[in-house]
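When reading the values below, keep in mind they use all heavy atoms of this one structure, side chains included, and skip hydrogens, waters and symmetry mates. Predicted, not measured: the structure shown is a model, and the values here were computed from it.
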Amino acid sequence: MDEMKLPTRAENYNEWYNQLVLRAELADYAPVRGCMVVRPYGWAIWENIQKALDARFKATGHVNAAFPLLIPQSFMTKEKEHVEGFAPELAVVTHGGGVELEEPLVVRPTSETVIGTMYAKWIQSYRDLPVLINQWANVVRWEMRTKLFLRTLEFYWQEGHTAHATQAEAVEETERMLNVYADFAKNEAAVPVLPGQKSETEKFAGAVSTYSIEAMMGDTKALQAGTSHFLGQNFAKAFDIKFLDENNTLQHCWTTSWGLSTRFIGAMIMTHGDDQGLILPPNLAPYQVVLVPIYRKDTEKGPVMETITRLQAGLEALQIRTKLDDREEVTPGFKFNDWEMRGVPLRLEIGPKDVEKGSIALARRDIPGRDGKQFLPAAGYEQAIPELLSEIQAALLGKATQFRDDHIFEVDNYADFKDVVENKGWVKAWWHDDRQNEAKIKEDTRATLRNYVPNVEGEGVCFLTGKKTNKIAYFAKGY
RNA sequence: CGGGGCGUGGCGCAGUCCGGCUAGCGUGCUUGCAUGGGGUGCAAGAGGUCGAAGGUUCAAAUCCUUUCGCCCCGACCA
């Protein structure tokens, strides 16, 4: 009996996550270590993420393209820090067509290098700028330790790569896309995030500065859910991306890159999920409403099915994504649990009594048990259901935001810092930048500097060194 | 790469220490009948070269040697 239940989050968060991913049929382990298969239900979530993001990219002037998977190995060595950052995790192709290649090819871990090479070719004049291209792609990074969605050897993402005439424009782009991610996370995924700049230690290899959105998971660990990089002229210099400006002066471009991956699905799982399973935000759920028919005899089946299919058609006409679970071989009770595991926001039940009384039974996934269940007159469903869906969307964001805020603590000394990151959640504190101290904290506590609070006014005293500083940072253990 | 765990019907496991008859159990699967508003019940079935290779033995899931793989925990990372 208990095998049917997930381990609870409290008893084993990690196992809860792993089993949830498998049992909700989001993903499965692939034959190759560290690789995953994204199953249809998981991919449907990704497709909805893609739609929501892609619309935002288009709205901010970007276009999509596709760059190749294989990159000459020498490309990876052109930007010094980039090489060092990625060398250990590259997959290298040494043979093709049965013979050893003259130059090995790397499977892209990210595409700055190929795209930079192409931009060098395409960009001649300031009139060619800005170039605002995004691609939806898979990339490979040979990670040592993997976990479904959060860190696998191969993963799916989008990577935006832009080139600009001025530093100011490129910085503006970097921030714009960070905000796009934050907006998407908040308003589509109901995942509250803290946008901010990464420390020198944590930034992307080859970037001048890296920005991230940081989300708090249900176990209070932090997850970097999206990143945006200001690359300065580093890649432009390494790859010769140059243009003639209005004054006929040859200049290097200023470039950016930004990405969000299937990891974000992990963020959604760990932000909203409960001990019954997944809870999906209505805006991104593959099915927003699951319809479960209930009947005993064949005489009941006819009217029930007729009513429920009519309802489904009505919902679909309202652009609501639905699933009619008409399986004969399992009981309604089984279906309830099954769809709760899979996180469908709203369940609609129709039984003989509802047909008779002209009512519908609705159960909210975000409010478990009887409290989340209500009986309404069927007549008003066209209003009630969309309203409920947006209520659920808002409730999820509210709950997650509350949880996050309840687990962020301001500290002014190292003892409290340790206590917080060990037992309570995130630290928010005045921080005087220092690479070595940052490393020491990581060694002592395994907590890392997540990012800096943007636009801090005034000054404070660093919790560790007592030095004056104008920076406030978040620290937490991360995924 | 270090530490731990595990490979036995689809899945989860027992059996391994101490070798012995036809390799069990739960669940899932198939069929039938009943059931159906919170993980249905009964009955009958199908399904296994015990991760692989070699060895010891009259006899190996079990003992020995080698090997492959996966998961978890640490050092690196979106």
Side-chain angles (χ1 to χ4, degrees), chain A residues 1-6 12-15 17-19 22-23 28-35 84-90 109-110 138-159 181 198 201-205 210 212-215 222-229 257-267 276-277 292-298 300-301 304 327-341 347-357 359-363 368-370 372-373 375 442-443 446 448 478-479:
Chain A
M1 273 295 177
D2 270 359
E3 284 166 21
M4 290 192 250
K5 288 221 157 92
L6 285 172
N12 191 341
Y13 198 80
N14 198 44
E15 262 309 296
Y17 177 86
N18 287 333
Q19 288 198 29
L22 296 173
R23 291 171 58 177
D28 202 350
Y29 294 103
V32 175
R33 175 199 77 87
C35 291
E84 287 168 10
F86 281 109
E89 46 188 82
L90 291 179
T110 176
N138 56 341
V139 289
V140 168
R141 297 178 186 178
W142 218 262
E143 302 290 350
M144 301 177 188
R145 214 179 116 213
T146 59
K147 184 168 173 142
L148 295 171
F149 286 117
L150 297 188
R151 189 176 301 103
T152 48
L153 299 199
E154 180 185 17
F155 60 93
Y156 303 87
W157 73 347
Q158 57 67 218
E159 44 179 327
Y181 287 150
K198 283 281 192 187
T201 350
E202 298 285 330
K203 77 177 185 191
F204 171 70
T210 288
S212 71
I213 51 171
E214 298 287 330
L223 184 77
Q224 181 171 320
T227 49
S228 186
H229 313 290
S257 69
W258 27 275
L260 184 146
S261 75
T262 38
R263 168 180 254 203
F264 198 90
I265 295 174
Q276 307 306 312
V292 180
I294 294 156
Y295 48 80
R296 290 190 202 83
K297 308 160 196 139
D298 277 355
E300 291 172 344
K301 182 179 173 183
V304 165
R327 285 179 291 178
E328 298 271 3
E329 65 275 16
V330 290
T331 60
F334 181 91
K335 294 176 185 179
F336 297 167
N337 286 286
D338 196 29
W339 291 110
E340 275 167 13
M341 177 71 76
R347 181 179 73 240
L348 193 161
E349 305 164 21
I350 293 291
K353 290 180 209 162
D354 299 301
V355 174
E356 194 183 314
K357 292 189 220 160
S359 63
I360 55 176
L362 291 170
R370 190 178 298 173
K373 211 156 163 173
F375 298 86
K442 189 174 176 183
E443 204 184 311
R446 292 189 49 224
T448 51
Y479 274 99

Enquirer: Tell me every residue that passes side chain to side chain donor-acceptor pair (under 3.5 Å) with A:Glu443, counting only those two or more places apart in sequence or in another chain.
Expert: none
Enquirer: Could you tell me how far B:rG9 sits from B:rG51 if I compare only their C1' atoms? Round to whole Å.
Expert: 15 Å
Enquirer: Could you tell me which residues satisfy ring pair (Phe, Tyr, Trp, His ring centres under 6.0 Å) with A:Tyr295, sequence neighbours excluded, listed by chain and number?
Expert: none
Enquirer: For A:Glu15, give me all partners under side chain to side chain donor-acceptor pair (under 3.5 Å), at least two apart in sequence or on another chain.
Expert: A:Gln19
Enquirer: Using the C1' atom in both, what is the distance from B:rG32 to B:rU49, to the nearest Å?
Expert: 34 Å
Enquirer: Shorter than 3.5 Å, N or O on both sides, protein versus nucleotides 32-36 of chain B: list them out with atom names.
Expert:
from: B:rG36; atom 1: O2'; to: A:Tyr295; atom 2: O; distance (Å): 3.2
from: B:rG36; atom 1: N7; to: A:Arg296; atom 2: O; distance (Å): 3.2
from: B:rG36; atom 1: O6; to: A:Arg296; atom 2: O; distance (Å): 3.4
from: B:rG36; atom 1: N2; to: A:Glu328; atom 2: O; distance (Å): 3.2

Enquirer: Would you say the side chain of A:Asp354 and the base of B:rG37 hold a donor-acceptor pair, judged only by whether the two atoms sit under 3.5 Å apart?
Expert: yes
Enquirer: Is RNA chain B part of any stem, that is, at least 3 consecutive Watson-Crick or G-U pairs with both distances under 3.5 Å, and where?
Expert: B:1-7 with B:68-74, B:10-13 with B:24-27, B:29-34 with B:40-45, B:51-55 with B:63-67
Enquirer: Pick the nucleotide of RNA chain B nearest each of A:Thr227 and A:Arg370; which residue has the one closer to the 5' end?
Expert: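 Here A:Arg370 is the residue nearer the 5' end.
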Enquirer: Could you measure between the two C1' atoms, the one in B:rA59 and the one in B:rC13, and give it in whole Å?
Expert: 27 Å
Enquirer: Without decimals, in angstroms, what is the distance between A:Lys5 NZ and B:rU27 P?
Expert: 17 Å
Enquirer: On a whole-Å scale, what distance lies between the C1' atoms belonging to B:rG69 and B:rG19?
Expert: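 One C1' to the other, the span is 27 Å.
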Enquirer: Ring pair (Phe, Tyr, Trp, His ring centres under 6.0 Å) with A:Phe336: which residues, sequence neighbours excluded?
Expert: none
Enquirer: Would you measure the distance from the C1' atom in B:rA43 across to the matching atom in B:rU35 and give it in whole Å?
Expert: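 Going atom to atom, C1' in each nucleotide, I get 15 Å.
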Enquirer: Under 3.5 Å between N/O atoms: give me all the protein pairs with nucleotides 67-73 of chain B, atom names plus distance.
Expert:
from: B:rC70; atom 1: OP1; to: A:Arg33; atom 2: N; distance (Å): 2.8
from: B:rC72; atom 1: O3'; to: A:Asn14; atom 2: ND2; distance (Å): 3.1
from: B:rC73; atom 1: OP1; to: A:Asn14; atom 2: ND2; distance (Å): 2.8
from: B:rC73; atom 1: OP2; to: A:Arg145; atom 2: NE; distance (Å): 3.4
from: B:rC73; atom 1: OP2; to: A:Arg145; atom 2: NH2; distance (Å): 2.9

Enquirer: Please report the distance separating the C1' of B:rG39 from the corresponding atom of B:rC21, rounded so that it comes out in whole Å.
Expert: 40 Å
Enquirer: Using 0.5 Å steps for rounding, measure from the OG atom of A:Ser261 to the CD atom of A:Glu159.
Expert: 11.5 Å
Enquirer: Sort me out a list of protein N/O and nucleotides 44-46 of chain B N/O pairs below 3.5 Å, or just none if empty.
Expert:
none

Enquirer: With rounding to whole Å, what would you report as the distance between B:rC33 and B:rG37 at their C1' atoms?
Expert: 23 Å
Enquirer: Going by the rule side chain to side chain donor-acceptor pair (under 3.5 Å), which residues pair with A:Tyr181 if we only count those two or more places apart in sequence or in a different chain?
Expert: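 Residues passing side chain to side chain donor-acceptor pair (under 3.5 Å) with A:Tyr181: A:Gln158.
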Enquirer: So, using side-chain contact (heavy atoms from CB on, under 4.5 Å) as the criterion, who are the partners of A:Lys147 when residues are at least two apart?
Expert: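 Residues passing side-chain contact (heavy atoms from CB on, under 4.5 Å) with A:Lys147: A:Asn14, A:Tyr17, A:Asn18, A:Leu150, A:Tyr479.
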Enquirer: Just verifying a value: how many Å separate A:Asp354 CG and A:Glu349 CD, rounded to the nearest 0.5 Å?
Expert: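 The distance works out to 8.0 Å.
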Enquirer: Listed by chain and number, what are the salt bridge (Lys or Arg N to Asp or Glu O under 4.0 Å) partners of A:Lys442, not counting sequence neighbours?
Expert: none
Enquirer: Determine whether the side chains of A:Gln276 and A:Lys5 contain a donor N or O and an acceptor N or O closer than 3.5 Å.
Expert: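 Side chains of A:Gln276 and A:Lys5: no pair found under 3.5 Å.
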Enquirer: With nearest nucleotide decided by heavy atoms, which residue, A:Ile360 or A:Lys442, maps closer to the 5′ end of RNA chain B?
Expert: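 Here A:Ile360 is the residue nearer the 5' end.
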Enquirer: Is a side-chain N or O of A:Thr152 found less than 3.5 angstrom from the main chain of A:Glu154, in a donor-acceptor match?
Expert: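 Yes, because the side chain of A:Thr152 sits within donor-acceptor range (under 3.5 Å) of the backbone of A:Glu154.
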Enquirer: Can you name the ring pair (Phe, Tyr, Trp, His ring centres under 6.0 Å) partners of A:Phe334, sequence neighbours left out?
Expert: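 Counting only residues at least two positions away or on another chain, A:Phe334 forms no ring pair (Phe, Tyr, Trp, His ring centres under 6.0 Å).
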Enquirer: Rounded to whole angstrom, note down the C1' distance from B:rU62 over to B:rG45.
Expert: 31 Å
Enquirer: May I ask you to check if A:Arg141 and A:Trp157 form a cation-pi contact, with NZ or CZ under 6.0 angstrom from the six-membered ring centre and within 45° of the axis?
Expert: yes
